[in-house]
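No experiment lies behind these values; they were computed from the predicted model shown.
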Amino acid sequence: MKSLEVTASWNKKFFEDFVAFRQSLYRDHAWALDEHLSDLEKLWGPNSPLGREFRAYLLRDSQGQVQARALVSVARAAAEFTALGYYERLEAESGADLLARIETDLRTQPFFRVQGDKRLALRAPMQGHFFNSYRLMVESHEDPFFGEPVFPASHAEDFRRAGFQMAGQWRTVEIRKDQAVPAFDRIWKATEPRWNRSGIKIRPLNLKRWPEELRRLYDVLSETFNQMPNYEPLAWPAFEALFRDLSFLLDPRLVLFAEKDGQTEGFVVAVKDALPVLLRLQTRSRRWPWLARLFQLKALGELKSHHGRLLVLYIGKKPSSSLPWLGAALGKKITDEGLRQGYESAYICYLADKSPIFTSLPGGLRDVTRYALFEKEQPA
């Protein structure tokens, strides 16, 4: 007989079991980074800046062993949906049992189903917020890269069987040098006169002023993404908590701001894939935990010097910009920098199937990974 354990507030013992269950599933996974209790406490503990209510679940068997887990959360104000994330299970039967029990539990929680006159759909998998983690990997042709979800593709069938419908699809594509150069050179030839007249200046990220630069990224990303269907506002303290350590992964030459009269008009955020370095750090730290601090310092040096796959995470212009060609021109700039650093190709990550960026890209790009998000209506 299975039992359901639920908490709606930070409970250290509960979340220790929550983390330990995932660790048991992914301990031998070649590409999975460990989940840490401290990271969950930062997001869901008593001082969380996320501004969300949550209910976390552990499904246990008759012996008390965890069989499945999940966490459902909703914004305290102006919620657009309810997020179901951190979903893991031993086998499909336990997953189905947990999803059914979550639905039953939420029937007693009107705040998770309706706010004002808005009925909130349940979206999964979403770890609380758009900027934290969402999407499920459903098809992949390459080794995972840093930040990419590692959920088993079979989880998609779990959601389908539970009555969820696919609510969005994305893909990561590879663009090779021989595809990028002629495409962006052609765009640049058409846009260069307008660029020269526009007064736009391009500058790289200034890591010496990281807190200010991170705030600049927050402002531009918030404005750029606020019309996306899975976006909800995120307060600056929450964004800062999520990304304050991002500077260790950045090559400032690969993060570009297009500015005019002191205002950011467009941007590119590209990174070198840090996953191999972080996996080596994890392996060494597990094997020799008393040397973990030394390994961390070594990894910081490796992050600054490694080549890694080039991942273009964001590229575009603010909706308020009056320069429609700016995103394509920035594509030219980041292509030139990638070539200067010796890259033969890059991954353009997490593109919605109808993303406007495809109008600036050449045809025939190879799909690397496909992702999906699922949704289910809840009763009022």
Inset, instruction - Identify which one of Glu174, Gln179, Arg309 satisfies the side-chain hydrogen bond (donor to acceptor under 3.5 Å, both in side chains) criterion when paired with Ser345. - result: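 Only one of Glu174, Gln179, Arg309 forms a side-chain hydrogen bond (donor to acceptor under 3.5 Å, both in side chains) with Ser345, namely Glu174.
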Legend entry - N-O pairing of Asp17 and Lys13 below 4.0 Å: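 Here Asp17 pairs with Lys13 in a salt bridge, since their nearest N and O are under 4.0 Å apart.
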Inset, instruction - Look at Glu157 together with Arg160 and state whether they make a salt bridge at an N to O cut-off of under 4.0 Å. - result: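 Yes, charged N to carboxylate O under 4.0 Å.
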Inset, instruction - Please state whether the rings of Tyr134 and Phe130 are parallel, tilted or perpendicular, taking 30° and 60° as the class boundaries. - result: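 Parallel: the ring planes of Tyr134 and Phe130 meet at under 30°.
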Inset, instruction - Look at the aromatic rings of His29 and Tyr26 and report parallel, tilted or perpendicular, splitting at 30° and 60°. - result: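 Tilted.
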Legend entry - Residue pair Ile334, Phe184: steps toward the side chain to side chain contact (heavy atoms under 4.5 Å, CB included) verdict: CA-CA 10 Å; Ile334 200 65; Phe184 287 121; over 6 Å; no
If you take all heavy atoms of [X] and [Y], which pair is closest and at what distance?
X: Glu88; Y: Phe21; answer: O-CE2, 3.7 Å
X: Ala372; Y: Met166; answer: CB-CE, 3.9 Å
X: Ala79; Y: Gln115; answer: CB-NE2, 3.4 Å
X: Arg284; Y: Phe295; answer: O-CE1, 3.3 Å
X: Glu80; Y: Leu120; answer: C-CD2, 3.8 Å
X: Ser94; Y: Lys2; answer: OG-CE, 3.5 Å

Inset, instruction - Answer yes if the side chains of Asp61 and Gln67 hold a donor-acceptor pair under 3.5 Å, and no otherwise. - result: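 Gln67 and Asp61 do have a side-chain donor-acceptor pair below 3.5 Å.
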Would you say [X]'s side chain and [Y]'s backbone share a donor-acceptor pair under 3.5 angstrom?
X: Glu35; Y: Gln23; value: no
X: Thr172; Y: Cys349; value: no
X: Arg69; Y: Tyr86; value: yes
X: Arg113; Y: Pro379; value: yes
X: Lys260; Y: Glu265; value: no
X: Asp273; Y: Phe145; value: no
X: Ser222; Y: Asp219; value: no
X: His36; Y: Ser38; value: no
X: Gln282; Y: Ala32; value: yes
X: Arg76; Y: Arg52; value: yes

Inset, instruction - Could you walk me through whether Leu310 and Leu254 pass the side chain to side chain contact (heavy atoms under 4.5 Å, CB included) test, one step at a time? - result: CA-CA 9 Å; Leu310 183 60; Leu254 296 172; 3.8 Å; yes
Inset, instruction - Kindly determine whether Glu259 and Arg216 satisfy salt bridge (Lys or Arg N to Asp or Glu O under 4.0 Å), including the steps that lead there. - result: CA-CA 11 Å; Glu259 297 177 337; Arg216 193 182 308 276; 3.8 Å; yes
Inset, instruction - With side chain to side chain contact (heavy atoms under 4.5 Å, CB included) as the test, would you mind laying out the steps for Arg135 and Trp170 before giving the verdict? - result: CA-CA 8 Å; Arg135 309 181 189 101; Trp170 297 262; 3.5 Å; yes
Inset, instruction - Answer yes or no: does atom CD of Glu142 have more than 12 heavy-atom neighbours from other residues, nucleotides or ligands under 6.0 Å? - result: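 Yes, because the 6.0 Å sphere around CD of Glu142 holds more than 12 heavy atoms from other groups.
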Inset, instruction - Return yes when atom NZ of Lys333 has more than 12 non-hydrogen atoms of other residues, nucleotides or ligands closer than 6.0 Å, and no otherwise. - result: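 Buried by this count: over 12 neighbours within 6.0 Å.
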Can you measure from [atom1] ([X]) to [atom2] ([Y]) and round to the nearest 0.5 angstrom?
X: Leu59; Y: Leu99; atom1: CG; atom2: CG; answer: 10.0 Å
X: Gln127; Y: Leu50; atom1: CD; atom2: CG; answer: 11.5 Å
X: Leu122; Y: Glu377; atom1: CG; atom2: CD; answer: 10.0 Å
X: Ser285; Y: Leu291; atom1: OG; atom2: CG; answer: 9.0 Å
X: Arg60; Y: Leu98; atom1: CZ; atom2: CG; answer: 12.5 Å

Inset, instruction - Could I get the full list of ring-ring contact (aromatic ring centres under 6.0 Å, His included) partners for Tyr371, not counting sequence neighbours? - result: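 Testing Tyr371 for ring-ring contact (aromatic ring centres under 6.0 Å, His included), a comparison that skips the adjacent residues, returns Tyr350.
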Inset, instruction - State which residues pass ring-ring contact (aromatic ring centres under 6.0 Å, His included) with Trp210; sequence neighbours excluded, sorted by chain then number. - result: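 If we apply the ring-ring contact (aromatic ring centres under 6.0 Å, His included) test to Trp210, skipping adjacent residues, there are no hits.
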Would you mind reporting whether [Y] and [X] have side-chain heavy atoms less than 4.5 Å apart?
X: Asp34; Y: Val19; answer: no
X: Arg171; Y: Arg370; answer: yes
X: Leu242; Y: Leu234; answer: yes
X: Ser9; Y: Thr7; answer: yes
X: Arg280; Y: Pro276; answer: yes
X: Lys118; Y: Phe81; answer: no
X: Arg89; Y: Ser154; answer: yes
X: Leu33; Y: Phe146; answer: yes

Inset, instruction - Would you check, one step at a time, whether the test ring pair (Phe, Tyr, Trp, His ring centres under 6.0 Å) holds for Phe159 with Phe151? - result: CA-CA 13 Å; Phe159 291 122; Phe151 304 110; 8.5 Å; no
Inset, instruction - Evaluate the salt bridge (Lys or Arg N to Asp or Glu O under 4.0 Å) criterion for residues Asp336 and Lys332: first the C-alpha distance (whole Å), next the side-chain angles of each, then the deciding distance (0.1 Å), finally the verdict. - result: CA-CA 6 Å; Asp336 287 349; Lys332 162 68 174 174; 3.3 Å; yes
Legend entry - Identified side-chain contact (heavy atoms from CB on, under 4.5 Å) counterpart of Ile175 within the set Thr335, Val181, Ile348, Val312: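 That would be Ile348.
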Inset, instruction - Please test Asp251 against Gln341 for side-chain hydrogen bond (donor to acceptor under 3.5 Å, both in side chains), starting from the C-alpha separation and ending with a verdict. - result: CA-CA 11 Å; Asp251 178 337; Gln341 294 196 26; 3.3 Å; yes
Inset, instruction - Let me see the working for Leu4 and Ile102 under side chain to side chain contact (heavy atoms under 4.5 Å, CB included), right down to the final yes or no. - result: CA-CA 9 Å; Leu4 186 68; Ile102 288 172; 5.8 Å; no
Legend entry - Phe374 ring center within less than 6.0 Å of Tyr87 ring center: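 Ring centres of Phe374 and Tyr87 not closer than 6.0 Å.
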Inset, instruction - State yes or no: are the ring centers of Tyr218 and Phe239 separated by less than 6.0 Å? - result: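 Tyr218 vs Phe239: aromatic centres under 6.0 Å.
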Inset, instruction - From the options Phe267, Tyr231, Tyr314, select the one residue that forms a ring-ring contact (aromatic ring centres under 6.0 Å, His included) with Phe225. - result: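 Answer to the ring-ring contact (aromatic ring centres under 6.0 Å, His included) test with Phe225 among Phe267, Tyr231, Tyr314: Tyr314.
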Inset, instruction - Pick out which of Phe18, Trp10, Trp44, Phe14 makes a ring-ring contact (aromatic ring centres under 6.0 Å, His included) with Phe54. - result: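 Result for ring-ring contact (aromatic ring centres under 6.0 Å, His included) with Phe54: Trp44.
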